[in-house]
Protein chains: 2
Amino acid sequence: MIMKRVALLGSTGSIGRQTLEVIENLGSDYRVVALTAKSNRELLEKQVRRFNPELAVLSDEGAAAALKRSLSGSGCRVEGGAKGQITAARWPGADLTVVALVGFSGFYPTLAALEAGKVVALANKEALVVGGELLARRGLLDPEQLLPLDSEHSAIRQCLGGASPGGIERIWLTASGGPFLDWDEQRLARASPAEALAHPNWRMGPKITIDSATLMNKGFELIEAHWLFGVPLEKITVVIHPQSIVHSAVEFVDGSLIAQLGPPDMRLPIQYALSFPERRTNPWPRFSLFDAALTFGEPDEARFPCLELARRALRAGGTAPACLNAANEVAVENFLKGALAFTGIPRLLTGILKEHQVIPRPEPPQLEEADRWARRRAGELLNERTDGSGHC
Amino acid sequence: MIMKRVALLGSTGSIGRQTLEVIENLGSDYRVVALTAKSNRELLEKQVRRFNPELAVLSDEGAAAALKRSLSGSGCRVEGGAKGQITAARWPGADLTVVALVGFSGFYPTLAALEAGKVVALANKEALVVGGELLARRGLLDPEQLLPLDSEHSAIRQCLGGASPGGIERIWLTASGGPFLDWDEQRLARASPAEALAHPNWRMGPKITIDSATLMNKGFELIEAHWLFGVPLEKITVVIHPQSIVHSAVEFVDGSLIAQLGPPDMRLPIQYALSFPERRTNPWPRFSLFDAALTFGEPDEARFPCLELARRALRAGGTAPACLNAANEVAVENFLKGALAFTGIPRLLTGILKEHQVIPRPEPPQLEEADRWARRRAGELLNERTDGSGHC
């Protein structure tokens, strides 16, 4: 096969590190040409010494300056700031840009890489949740160019096998249900951060783990699936599947359902995107169908209102998903530091979405403004209720 | 889409009747141009009056003559005998030949249709079990030309989505396990025909229902999968799945597994083959993932030795599968009339396979001869043990 040259944005995070492991396993057909991180100079330097990219970027300008000194004479160019991330996203030597940055700042390099004609393997949720409508408007959602790294969306992609959106009756988006699947309303109201962080199947960062417990993560994935596969919201159904073995399924108009299964291991969807359209072998643990007992059920949307909040934001369109995303970040932060009850998260978001004045067809400045407004407003609402009881 | 003109061989059997139902539902894009049956003149005549084919065939020459009289002046040509089936298989007005004939006699029309360049939708197991090696030798196993109607092989085909055999790590061929899944050896020895005919999930004819109870049906499907998908036997694994919802799965070299699910309804794989490569809508009951609880397990090959008998026959090659198929027909007949115990079926087949002198690279006459020899020898072995105790 042809050599694939990879720019990896966000190489020091969980997805970034696993992407490098996948690339090492794929062998000499793959070459890392750019690596970027936010501020973890130490790890990025190690990665640079191992993979010898042409470019290394740290968003933190001070850390970038320090890295530049340590790497002087290595032949690796070093840049800093948000501008450096854009340079990496468009790096002329790269064929494939992996965007594993966290937060809305990942949207700009995603946009830049797509506009520069790179194939983009996307782990950054915000690029689609917040910026999906904008990317669609600019015609940048070509399924051959934009490959999802999420296990669910990778599964859907694998199930589609080139079928057109017209043949899809329904996408079944699986959700483990998180640690609180069977908790009643009262117990949920008292759920602690430690309890919410104990995800049954996946090891992930704290923010996404809390989003899994509230099902907001699944709500965001509904929005992502809508943009990635061009399927209306009514045709995307969340199904609880506690074992996290079926990563999602597609039901076709003839009643046939194609599902993708595998161990809960992010290296598999990462490798699928990197080696697409080929499949390559690897030495990681296999899943045996002999051991499988798979159960499925309907989510209780009364106990987990974040699903409907995500749908509401997508239907409202424009800046509404940006507002929901930003307010959710503030809510999760406050839950993690004990300043908001678990059930206060959707209550806070409901209030903010109601207040938000949606701007249709937003460009990046309007998305930024909605993000800032939602953060400010969430802070105000939280301050109005400083008793920490979570009666938000 | 372009009109598809269908020759349906075996239109009065279960698969044939369901094929006509599928064609009616598909509507005006489909036209039936030939219908054939073995001897059921009454039903064939009704079908002819409804679908107005250009040709109608009955294998039974007497019945064909009677049909010719009843249809005189209708514009439908009537033929009789095995020759008539071949005429239908190659019918110039057909694009697609559905072979739903039962038994080894279905091999010849299958061969004729493939050689005439028709797309063949195949429900006749023997064509592949007995004749797979011959079809492979003649280069007639092109996956674009030969579409399986079996639910399992249709599932595998759907899971492959155009992937090459080289990307396949393993095919998981699902088996309900039949009515005797949990029966111990002693109870199996006393199993009655009525008990064996009570299949938990599928309503089928008596022969295939008994083959499901012994797992010989799954053994034959192993052989079929080998020929249809070009995958070696070691990469095809039978997995017990009592709910018959997952119709089979393909595991790829990267560890990802794609499964096809649906209600146990033969109209779905039939429609898939008829409308391939498109998928078309239909009004039949849908399967909801919300209701699913799917379990899987390893087959107990000590209690169900027919799986290994099928593998042994395929490895022996040449005329061995023909011998196994013919001896199995005799064994099942004798079990159904109470002349052979359930556990006597694999014992009889083991003995016959051991005795059989394999002829490599057989042509049709050698396959016929192996078939005749196995039937005769099975009869002899059964007569040597006329106590009916099944100690064969």
Side-chain angles (χ1 to χ4, degrees), chain A residues 22 154-155 158-164 166-170 172 174 237 239-241 243 245-249 251-263 265 267-269 271-272 275 277-299, chain B residues 22 154-155 158-164 166-170 172 174 237 239-241 243 245-249 251-263 265 267-269 271-272 275 277-299:
Chain A
V22 167
S154 175
Q158 293 178 53
C159 294
L160 281 173
S164 69
I168 302 173
E169 174 99 9
R170 189 203 288 248
W172 292 92
T174 53
T237 301
V239 55
I240 300 294
H241 168 51
Q243 298 84 23
I245 293 297
V246 174
H247 296 307
S248 278
E251 183 174 341
F252 292 94
V253 290
D254 62 356
S256 176
L257 206 143
I258 304 289
Q260 191 263 342
L261 292 76
D265 183 337
R267 292 173 299 190
L268 300 182
Q271 183 185 298
Y272 180 77
S275 69
E278 273 185 68
R279 288 186 188 268
R280 300 276 294 262
T281 188
N282 59 53
W284 304 317
R286 287 292 184 262
F287 158 73
S288 169
L289 204 52
F290 285 151
D291 307 327
L294 310 172
T295 61
F296 302 86
E298 212 166 338
Chain B
V22 167
S154 175
Q158 293 179 53
C159 294
L160 280 173
S164 69
I168 302 173
E169 174 100 8
R170 188 204 288 247
W172 292 91
T174 54
T237 301
V239 55
I240 301 294
H241 168 51
Q243 298 84 24
I245 293 296
V246 175
H247 297 305
S248 277
E251 183 173 341
F252 291 94
V253 290
D254 61 356
S256 177
L257 206 143
I258 304 288
Q260 191 264 343
L261 292 75
D265 183 337
R267 292 173 298 187
L268 300 182
Q271 183 185 297
Y272 181 77
S275 70
E278 272 186 68
R279 288 187 189 269
R280 300 275 295 262
T281 189
N282 59 51
W284 305 316
R286 286 291 184 263
F287 158 74
S288 168
L289 203 52
F290 285 151
D291 307 327
L294 310 172
T295 60
F296 302 86
E298 212 165 338

query: Between CD1 of Ile258(A) and OG of Ser248(A), what distance do you get to the nearest 0.5 Å?
result: 14.0 Å

- prompt: Which atoms of Arg279(A) come close to chain B, meaning under 4.5 Å heavy atom to heavy atom: side chain ones, backbone ones, both, or neither?
  reply: both

query: When only pairs under 4.5 Å are counted, which of Asp254(B), Thr281(B), Val239(B) shares the most heavy-atom pairs with chain A?
result: Asp254(B)

Partner set under ring pair (Phe, Tyr, Trp, His ring centres under 6.0 Å) for Phe287(A), not counting sequence neighbours: none

field: Among Gly161(A), Ala155(A), Ala259(A), Pro277(A), residue most engaged with chain B (heavy-atom pairs, under 4.5 Å)
entry: Ala259(A)

- prompt: Is it the backbone or the side chain of Gln271(A) that comes under 4.5 Å from a heavy atom of chain B, or both, or neither?
  reply: side chain

task: Applying side chain to side chain contact (heavy atoms under 4.5 Å, CB included), run through Asn282(B) and Leu268(B) and close with a yes or a no.
output: CA-CA 9 Å; Asn282(B) 59 51; Leu268(B) 300 182; 3.7 Å; yes

query: Would you call the rings of His241(B) and Phe296(B) parallel, tilted or perpendicular if under 30° counts as parallel and over 60° as perpendicular?
result: parallel

Distance (rounded to the nearest 0.5 Å) between Ile245(A) CD1 and Leu294(B) CG: 12.5 Å

Heavy-atom contact with chain A under 4.5 Å, split by part of Leu289(B): both

statement: Contacts of Arg170(A) meeting salt bridge (Lys or Arg N to Asp or Glu O under 4.0 Å) (sequence neighbours excluded), chain-then-number -> Glu251(A)

Ser288(B), part contacting chain A, at a heavy-atom distance under 4.5 Å: both

task: Could you check which of Ala249(B), Gly167(B), Gly262(B), Ala293(B) has the highest count of heavy-atom pairs closer than 4.5 Å to chain A?
output: Ala293(B)

